[in-house]
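So the structure is just underneath, and the comments pick up after that.
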Amino acid sequence: MNSSSTIVDSLRRSVERHPENCAVSQVGWDLSYSELWAQVMGVAGHLQRQGLACGDRVALVLKNSTAYVAAYYGILAAGGIVVPLNASAKSPELARWLQHSGATWLFIDRDNDQSQVLLDGLNPRPYTVWVGASASTPSDVWPDFDAILSAAEMPVRPAPLGRDLASILYTSGTTGQPKGVLLRHANLVSNTNAIVGFLGLGCNDSSVAVLPFHYSYGNSVLNTHLTAGARISLADNLVYPHLLVQRLVDERATGFAGVAATFSLLLSRVSLADHDLSSLRYITQAGGSMSPTLTQQLMTALPQCKIFVMYGQTEASARLCYLPPDRLHEKMGSVGIAVQYVRIEVRRENGSEANDGEIGEVWARGPNVMAGYWRDPVATAATLQGEWLKTGDSGYQDPEGYLYLVGRRSDIIKAGAHRIHPADIERVIAEVPGVEEVVVVGVDDEILGQAVKAFLVASPGVTLDLMGIRAHARRQLSSHKVPKYLELVASLPKTSSGKVRRSELINMGAPKHEA
């Protein structure tokens, strides 16, 4: 592995090998690799001529688009540090991220309804590039993205090196003090190459992207496909699941990436058997655990498809482990083995390595591990121990080194003398027909300290029997793990990447139902 290579070099090699292949597809037009590269160079040249210095932070408040892709790689090619932000966030949260990152440059969608409020509240205002057409903001005040591309300025300064910082990714669901993960080019390149390898990605592959690119998983989908010379088709969202499935059919997509909630939604709202998905050779799942029941349902619905269950963190540039599809039946419930270049260990509280089957904290080491948290030496020191990343996840390894997660250490429910992992309960309740989603949390209890509470979302048209669900849990679980409270909700609060906001569920107050 060449540690001096950058993620921009990875794109450039794809441009040299497949200049006329489609790189990014958006409804209405395709952008070839050569056309994308011209846009990347145009962005880089403009930023450098406007005074961008190496290491300057440049924020992206853009929804997934061809402009996002060109801006992302253009900033990196210019020597800047990309700060991708959630374009659907409100202005106070965006302002907090911008101030924390120290971003003095900003790319933002003109049709973002938070843009003017955001900019009016910033002092000093960052150098702003407007993306998209609108009459609501004057183009003579700040440059327009299309005008930058038309000028076709070329970079005047050498490209960055692998050791240089590439991005600050704010961790999903962050509340309060922002926590920005610092990733170097070498981090991204090593992890990207490892993922391309185990997925077997090539220039004939294509994927329909629904994960936001500001999210580590979505960023990984972007980098891996453009490194492989593959095609990315951009989809708006999951509001209309049947339209997404039709897009997979129309694009003849070979791959698709989602979180557990993505696949739960598709399976409950669309009859996949009614669509020709024969081109789909693989799907990937990460961003939180997926129950064995949901995994089995996916295997039944897509028998021709290789299903890659994966595990990772933003702090690890994306992926730490993957479960080879040919071991899926045998190792159901596992997140697999370490990806190339990565070592995984499970350790006890004292830092010693745990035995096979013994639960401890997951530690990871490899060239994909972050450089630290931006402007947060205390959090960095608590998370990085030498070359090792303390993930904060609890799990155990079997004798073959396959990792099984039991939950976040911070999510553990402390009920009396018991320490309960929510995932154990969620897996059991997910087996009940008609349960579309389930999340288990700990709520305050005067006697035990915490009591087990389960939030459930029913599949469309299904009326769930709470007493029956509790009886099922009682047959499968130890008595202290059986939920004291069951609450039906229409939906679960989630981040833009599809992760459940457990803290919001905990703060919802006393449950409405006790079974």
Side-chain angles (χ1 to χ4, degrees), residues 260-261 264 268 288-298 309 311 323 328-335 346 354 356-362 393-398 402-459 462-489 492 500 502-503 505-506 508 510-515:
S264 177
S268 65
S289 63
M290 185 163 72
S291 71
T293 299
L294 182 56
T295 304
Q296 292 281 9
Q297 291 172 347
L298 268 178
V309 174
Y311 161 61
L323 180 58
L328 192 56
H329 277 290
E330 179 188 357
K331 302 288 187 179
M332 187 66 69
S334 170
V335 293
V346 176
D356 293 340
E358 181 183 355
I359 293 175
E361 183 177 7
V362 180
D393 291 319
S394 294
Y396 64 90
Q397 288 178 298
D398 69 12
Y402 282 76
L403 179 65
Y404 293 77
L405 298 177
V406 296
R408 291 289 295 172
R409 290 164 64 85
S410 58
D411 293 336
I412 291 175
I413 301 168
K414 299 175 182 179
H418 299 289
R419 298 297 179 264
I420 301 168
H421 297 282
D424 295 340
I425 307 168
E426 291 166 354
R427 278 192 289 268
V428 169
I429 295 179
E431 296 170 357
V432 178
V435 174
E436 182 172 305
E437 292 184 276
V438 56
V439 172
V440 172
V441 300
V443 295
D444 291 340
D445 186 272
E446 291 183 1
I447 298 174
L448 297 175
Q450 284 186 309
V452 177
K453 175 181 176 183
F455 289 88
L456 303 101
V457 177
S459 299
V462 174
T463 300
L464 292 176
D465 176 7
L466 297 182
M467 294 299 291
I469 290 172
R470 193 166 194 274
H472 173 76
R474 192 182 294 113
R475 289 191 295 269
Q476 302 291 326
L477 298 166
S478 301
S479 59
H480 64 273
K481 292 184 178 181
V482 177
K484 181 177 181 180
Y485 304 108
L486 298 171
E487 181 167 347
L488 288 170
V489 292
L492 297 170
V500 174
R502 289 179 181 266
S503 60
L505 294 175
I506 294 170
M508 284 177 66
K512 298 176 182 177
H513 301 285
E514 180 176 347

Any residue meeting side-chain contact (heavy atoms from CB on, under 4.5 Å) with Ser291, in chain and number order, not counting sequence neighbours: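 side-chain contact (heavy atoms from CB on, under 4.5 Å) list for Ser291, sorted by chain: Thr293, Leu294, Ala430.
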Listed partners of Ala354 passing side-chain contact (heavy atoms from CB on, under 4.5 Å), at least two apart: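 Partners of Ala354 by the side-chain contact (heavy atoms from CB on, under 4.5 Å) criterion, ordered by chain and then number, come out as Val346, Arg348, Glu358.
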Roughly how far, to the nearest 0.5 Å, is the [atom2] atom of [Y] from the [atom1] atom of [X]?
{"X": "Tyr404", "Y": "Asp398", "atom1": "OH", "atom2": "CG", "result": "5.0 Å"}
{"X": "Lys453", "Y": "Leu505", "atom1": "NZ", "atom2": "CG", "result": "7.5 Å"}
{"X": "Arg427", "Y": "Thr295", "atom1": "CZ", "atom2": "OG1", "result": "10.5 Å"}
{"X": "Glu487", "Y": "Leu466", "atom1": "CD", "atom2": "CG", "result": "10.0 Å"}
{"X": "Arg474", "Y": "Ser479", "atom1": "CZ", "atom2": "OG", "result": "10.0 Å"}

Qualifying residues under ring-ring contact (aromatic ring centres under 6.0 Å, His included), relative to Tyr402, sequence neighbours excluded: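 Listed in chain order: nothing, the list is empty.
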Does any part of the side chain of [Y], heavy atoms only, come nearer than 4.5 Å to the side chain of [X], both counted from C-beta?
{"X": "Val435", "Y": "Ser459", "answer": "no"}
{"X": "Pro483", "Y": "Ile429", "answer": "yes"}
{"X": "Arg470", "Y": "Val482", "answer": "yes"}
{"X": "Val457", "Y": "Val438", "answer": "no"}
{"X": "Leu405", "Y": "Leu403", "answer": "yes"}
{"X": "Ile425", "Y": "Leu477", "answer": "yes"}
{"X": "Leu298", "Y": "Met290", "answer": "yes"}
{"X": "Val489", "Y": "Leu456", "answer": "no"}

Least distance between heavy atoms, Tyr485 atom then Ala451 atom: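 In this case the closest contact between Tyr485 and Ala451 is CE1-CB, 4.1 Å.
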Taking every non-hydrogen atom, the tightest pair across Gly434 and Val462: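 Closest approach of Gly434 to Val462: CA-CG1, 3.8 Å.
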Test side-chain hydrogen bond (donor to acceptor under 3.5 Å, both in side chains) applied to Glu437 and Ser264, step by step: CA-CA 7 Å; Glu437 292 184 276; Ser264 177; 5.4 Å; no
State which residues pass salt bridge (Lys or Arg N to Asp or Glu O under 4.0 Å) with [X]; sequence neighbours excluded, sorted by chain then number.
{"X": "Lys481", "result": "Asp424"}
{"X": "Arg502", "result": "Asp411, Glu426"}
{"X": "Glu431", "result": "none"}

CA sep, side-chain torsions, deciding dist, call: Gln450, Val443, side chain to side chain contact (heavy atoms under 4.5 Å, CB included): CA-CA 5 Å; Gln450 284 186 309; Val443 295; over 6 Å; no
Side chain to side chain contact (heavy atoms under 4.5 Å, CB included) assessment of Val362 paired with Tyr311: CA-CA 11 Å; Val362 180; Tyr311 161 61; 4.1 Å; yes
Trace of the side chain to side chain contact (heavy atoms under 4.5 Å, CB included) decision for Val406 with Ile359: CA-CA 8 Å; Val406 296; Ile359 293 175; 4.1 Å; yes
Flag, side chain of His472 to backbone of Val428, donor-acceptor distance under 3.5 Å: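 Yes, the answer is positive, given that a donor and an acceptor are paired below the 3.5 Å cut-off.
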